[in-house]
Amino acid sequence: GAGVSQSPRYKVAKRGQDVALRCDPISGHVSLFWYQQALGQGPEFLTYFQNEAQLDKSGLPSDRFFAERPEGSVSTLKIQRTQQEDSAVYLCASSLEQGRGNEQFFGPGTRLTVL
Amino acid sequence: DAKTTQPPSMDCAEGRAANLPCNHSTISGNEYVYWYRQIHSQGPQYIIHGLKNNETNEMASLIITEDRKSSTLILPHATLRDTAVYYCIVRVVGAGNMLTFGGGTRLMVKP
């Protein structure tokens with residue numbers, strides 16, 4: 001059984017470039033989350049989807065960050081005009097059902113380095 | 001969500017029990033206690049969660065005090081592969097289900 005996968009695993013971008021990070025959740029998982037983890041810190045929530053609906057984007061740090069999940073499965077996190085402070089590991093997690101306390105399954109993350 | 005307090009680091013001898021404490025003195029009645037761990041260069045991994053009763057699974061045991069203001073995660077026979085950062089999180093079920101991670105405890109299991 002495949003877990004959550006993310007691609008690419010590593011991304012180096014020049015300041016000002018746009019990047020797109022992909023998340024493939026576990027099949028059938030309704031909920032999908034994106035987190036950002038700076039070096040030496042715990043992950044911080046960015047945004048949450050229930051199926052294709054983005055129900056919470058309160059953690060997105062600026063309007064340069066945009067996430068979508070158009071068909072309720074694969075999700076893409078896009079960062080426009082990347083800045084050095086965007087350098088972090090971006091984690092995706094999925095869970096089976098909202099409101100049941102179900103565990104979140106995390107992918108391995110994408111390490112983004114902005115030069 | 002309520003915040004948690006954990007020691008920044010702990011050591012444990014291989015084969016011995018690792019007891020990781022967590023304080024959550026402002027926890028609300030509808031908040032669960034969750035534990036995740038993150039091994040280097042991997043995503044966080046769910047370990048266990050509970051509301052007020054002690055819980056046990058194949059990975060660990062969770063002991064929650066009667067007043068629910070603190071808890072302890074117990075790894076009964078720590079191995080080198082248990083070296084990781086352990087996060088204690090309190091969370092209201094149904095509130096978007098986001099996880100609010102603190103600094104965690106860096107557990108080093110030594111041979």
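Please read all numbers here as calculations on a predicted model, not as lab measurements.
- Contacts between A:Q37 and chain B at a heavy-atom distance below 4.5 Å involve the side chain alone, from C-beta outward.
- Taking the ring axis of B:Y34 as reference, the NZ or CZ atom of B:R91 stays within 45° of it and closer than 6.0 Å to the ring centre.
- Using a cutoff of 4.0 Å between basic side-chain nitrogens and carboxylate oxygens, B:D82 and B:R37 are scored as salt-bridged.
- For A:F105, no part lies under 4.5 angstrom from a heavy atom of chain B.
- Using a 4.5 Å cut-off between heavy atoms, B:Y87 contacts chain A through its side chain alone, with no backbone atom that close.
- Taking 4.5 Å as the limit, every side-chain heavy atom of A:F49 sits out of range of all side-chain heavy atoms of A:F33.
- Using a cut-off of 4.0 Å between Lys/Arg side-chain N and Asp/Glu carboxylate O, A:E68 and A:K78 are scored as salt-bridged.
- Looking at A:P43, both its backbone and its side chain come within 4.5 Å of chain B, counting heavy atoms on both sides.
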